[in-house]
Amino acid sequence: MNSRPNPPGADPLVRVSHLRLDIPVRGEPRRVLHDVSFEVGAGVALGLVGESGSGKSMTTRVLMRLLPHGAATDGDVLFDGTPVTGMDRRALRRYRSSEVAMVYQDPRAAINPVYTVGAFLTEALREQKVSRKEAEERAVALLREVGITDAPRRMRQYPHQLSGGLLQRVMIASAMLTKPRLLIADEPTTALDVTTQEEVMAILDEQRRERGLALVFITHDLDLAAAVTDRIAVMYAGTVLETAASANLHETALHPYTVGLLASRPSTVDVKRLWAIPGRPVSAFEAGPGCVFTERCPFAQDRCRAERPALRTVDDHQVACHRAEELRGRITYEADGHADHQHDEQTESV
Amino acid sequence: MTAVTSTPVTASPPSRLRRWRKADPVLILSVLWCALAILVAVAAPLLAPYDPSQTDILAAAQGLSAQHWFGTDEVGRDIFTRVLYGARLSLLGPVLVVVIATAAGTALAIAAVWFGGWFDRLLTRVLDIAFAFPPLLLAVLSVVLFGPGLTAPVVALAVAYTPYIARVVRSAALRERHLPYIESCTLAGLSGPRICVRHILPNVLPLVRAQAVTSLGSSLLDLGAISFVGLGIQPPSAEWGLMVADGRTALLNGSPQESLAAGFMIIITVVAFNMLGERLAERAEVRA
Amino acid sequence: MTLTLHSAVSRFSGRTLWRIRAIVRRLAGAVLTVVVATFAVYAALAAAPGDPALALAGRNPTPERIAQLHQELGLDRPLVVRYFDWLSGLPRGDLGQSIVYRNSSVADLLGPRFGTTVFLVVYAAVLILLLGLLLGVLGGAFRRLNGPMAALTSVALAIPGFVAAPILVSALALGLGWFPAVGAGSGFTDQLWHLTLPALALAIGWCAWLAQITRTSLRAEKASEHVGTATGRGLPPVTVFRRHVLRNAAIPISTVYGLTVAGLLAGAAVVEQAFGIDGLGTLMLRSVSAKDYNVVLAVASLIIIAFVVTTQLVDALHTVLDPRLRTKGGRK
Amino acid sequence: MSELLGVENLRKVFPVRASAGEPAGDLVAVDDVSFTLPPGGSLAVVGESGSGKTTVARMVVGLETPTAGRITLDGESREAARAGRGARKARARQIQMVFQDPYTSLDSRQTIEGAIEELLRAHFDWDAARRRERVAELLDQVGLDKRQGGARPRALSGGQRQRAAIARALALEPRLLILDEAVAALDVSVQAQIINLLTDLRAETGVAYLFISHDLGVVRQISDDCVVMHRGRVVEAGRTTAVLDDPQDAYTRRLLSAVPRPGWVPRRRATSGASV
């Protein structure tokens, strides 16, 4: 569990605190992230989990500083102590080319279709003045590592000639080529079949561990995130609602949203009526002044609707809920579709 | 609309108001110019200071003056008057062309998409061949068959534009055809014609509209060119393309008013049509 | 013969064979298009009202004289037969006789004018490529220039050759006296000088079209995800633009340029008329009024063939530019 | 056991056009597939992409014509392809389908009420009041309120659109509803709502489900029986609980072990790469 290589007090590799992001939509700024805070130590894997519109993908775009024109950020995004938002062009290019690498959701869209796999892989190295021969050798070696056996042939093929699973491995290999310290994977397996997903995740996990890379892993699947990360941050409507150790999140989840999310996932081992969080996921800009989850939360009180809770430490979690301590261990979602306290000691003050 | 009983949830008044306040000036100017051009075409006799065919040798080839705003031509006709009257034939032609070509192109395209198979392949093949005929060439053939005037160029351009519209509509309709909502209409037992008219057509209509407005502009240019080379409307009618040609001798003698006045009318009107078409296309794209 | 051919074929790999087949199929399609299109022209001209024999026979012709002329002109045979007669003359450069100038062949009439028109068309094509690409790339590469370039091209797009002509003539020829107002000139530099205004007039609208397509496809490509990947890898902006934006946008840009060039020959007729240049276009227009349909047929066929050849070249260029078109698993 | 839907030795072959290096040939999408579904039952067809599961669904509903094999409904053979108007409508009242993508399965220019009413009008001789009543009943059944019923799809969320699509599919009271990955595109919290809705609807109306899915968790919640497909063939079939608790086929086991769950760790199975 406590495998943090950083000594206490030292800067983590990535620190995002109170990140806010507005993006212009038809000329008007629209809130995409309200308040995102998390840390990733060197060699540590963090899962960013949330439903659509939670802002998890946009968070990675901020980390890469790949934002649309006119986007406005507030708060800190530090990489190794340096603010990413403040980097000049040269520093930004150095940061992108050798410190951080990204694996995208749809490799077919993320890889230029007019060049061969080999050209795609070696492009970044060639830019760093590595000889063609060496670049190709390194690319072939990496393709083998990610389980592509006939690597030299694949190097000469075009992206449309490869299956999604293979293409995603190419993507992983390309991310490893420049030897970054941080790997960002944005739903890398969402477009893949489950069996292919397992392969690709296994490869991603193995490569990351071998190289001691830090990982920010974006997914909507809590179980998948738990399998390959050390900590999980649950996001909703542009806000981090809870972060906790991946290993025991199932048992110790504090935030009603996290608990609800866990309860609504259909299981392959038993049949029970699912508890469904009422309503639909809202986007950041739709949220009111209070907690972003109030509209769907069975435990919401007046305070929740009026005042947005900050992320604070409860046990070894960080949670943004006014009633975290009070509700701890008491949230169960019952089969008839209603949520209740296990021991309802106080009456709800609605 | 099929939904007689429904109460559509449309944009509320405030948001519509905001949209108007934010509407871009280019669009407003384009709409205004198009409206003005149509008004002028309809009301030319009321607005024009002179008779368009009234010659006056004594006042021939005059420059700009208070009596003749745009001067007079070689036989003393008032150019301003002729520009106003010119709007009639210059706009009537494009409207006819676009109405015919849009109706034919859309109908063909949707039919091809719905029936598919050999009908679709044949249509695609015919369109490919039709593309090899530039509008001017079709106009030449049309004049050979029908003689000069308004009919020949309109027929030629309607034939020339149909494949363009058909191609655009075909690819859009093909996209719609294979979307689940059309398949579920089939599964619900709705008839083919009903699905085409009630579902596919309305969904490609924004695109058709954009394409039609843009085609108004290009057919105005093409009809102008056809008149200019003498294959279309014949003198002494007032038509902008013809006026550019009529003014050539005067131009070489140093008085370019006639050519330029008619020329600028063409340019401004086409810009207005194009702008309007462009905005409509953007809107159609947002919808898709 | 068949045997050697067969063994030669079997030596090709499957892939080469597929490619050859694809090329053959494409060429066959092109030839079919030319044949069908020229036949349509032939049939339309044959259906024209008025009997050319009547025009030739002079006053008060006898029916025998008419019949004799019909036979002389071949009009007594079926349309399809006459068409294939005409078609078979094409490879030999035999385009038939002019009906108006009885003692000159159509080829003789076309010959001297061909050079002028081709000069004009090539000149305009070069101008379109250079100016269109320049304006388009400026607008597509720099966000600040996008708006101004969009406005500029929107206006230029609406300027047809026959309107550009009086504007250019009154400003640059009569006003400043830099260029001649009419004529085609002789000799290379003189032609260049004479044809500059016509080429500009011809180029302006097409140039705007190319600039617009270039600008919009560059912007679309810039917004695509793979460009984000390239930027995210820390490649220098110039490299990203050249290798990922420009390279990919080259596909739509080349399509539009090809269509432009394919349509230039027809557009040249109007500009030739406007500048009083004796070229193929003016010849065709004159022949229409003179009912000299063999000449019309020849020029029309030339326009069609030029169009088909150009579009075929563009298609070939596409297979070079887009690997999805030439390798397995590619769509469309 | 009585049988609503019977599928026997179903086969579908798609011709493939020649491309570089590959001659024209045939793609066998579905090969010798058989199963039965009792009235009011729920059968899942499980598989990954390319397994042929969607092609099976499309053949059953009549959007594709089988190359070989037989599809029976109530013991009567379903002749595919376009029949006359009467037959087309009769078929529509037997089987309906809900598609995966809630964003494209409704006409964006029709309100939800309008879309449902169109079907009622085409099939029944009812007056406006009766139709209105039925529309309201259907909307209520799927949990949409009056305002949502009057809205166009644009104004609705993915879950609400899927509810609307279900309401429309149920409008003709079909005996069999084909759900083609009908919850796959939804967020987890919304997915749970729709799964519960489907469970309730089956209990209320007695409609049978043919449920096409790649998600074993969802399959467990919604189906009584299941058929596992791999590369066009059925590799395992049986009661859903039995298949998922004690899978016999190697592929089923592989599929099951790849589903993330608490305590799961992804593992590499094979050094693949040979498959394109």
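Residue numbering restarts at 1 for every chain, and letters A, B, ... go by the order of the sequence lines.
- In this structure, D/F99 and B/L187 have side chains that are in contact, with non-hydrogen atoms separated by less than 4.5 Å.
- Using a 4.5 Å cut-off between heavy atoms, D/L172 touches chain B through its side chain atoms alone.
- Looking at D/R131, neither its backbone nor its side chain comes within 4.5 Å of chain B, counting heavy atoms on both sides.
- Distance alone, capped at 3.5 Å, is enough to place a donor-acceptor pair between the D/H123 side chain and the B/A188 backbone.
- Formation of a donor-acceptor pair under 3.5 Å by the B/E183 side chain with backbone atoms of D/L63 is not found in this model.
- By the neighbour-count criterion of 12 heavy atoms within 6.0 Å, atom CD of D/E76 is sparsely surrounded, having that number or fewer from other residues, nucleotides or ligands.
- Put simply, of D/R93, D/R168, D/Q100, the one with the most heavy-atom pairs under 4.5 Å next to chain B is D/R168.
- Residues B/S184 and D/M97 form no side-chain contact, since every pair of their non-hydrogen atoms from C-beta on lies 4.5 Å or further apart.
- With rounding to the nearest 0.5 angstrom, the CG atom of D/D107 is 5.0 Å from the OH atom of B/Y181.
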Evaluate B/R198 against D/R109 for side chain to side chain contact (heavy atoms under 4.5 Å, CB included), listing each step before the verdict. CA-CA 10 Å; B/R198 291 290 193 151; D/R109 310 197 138 251; over 6 Å; no

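- The two residues D/A92 and B/G189 have their closest heavy-atom pair at CB-N, 3.7 Å.
- Two residues are said to be in side-chain contact when any heavy atoms from C-beta on lie closer than 4.5 Å; D/R88 and B/S191 meet this criterion.
- Separation of atoms CD1 (B/I182) and OG (D/S105) is listed at 12.0 Å; rounding is to 0.5 Å.
- Of the residues considered (D/T104, D/L119, D/V135, D/V98), D/T104 shows the highest number of contacts with chain B, using heavy-atom pairs under 4.5 Å.
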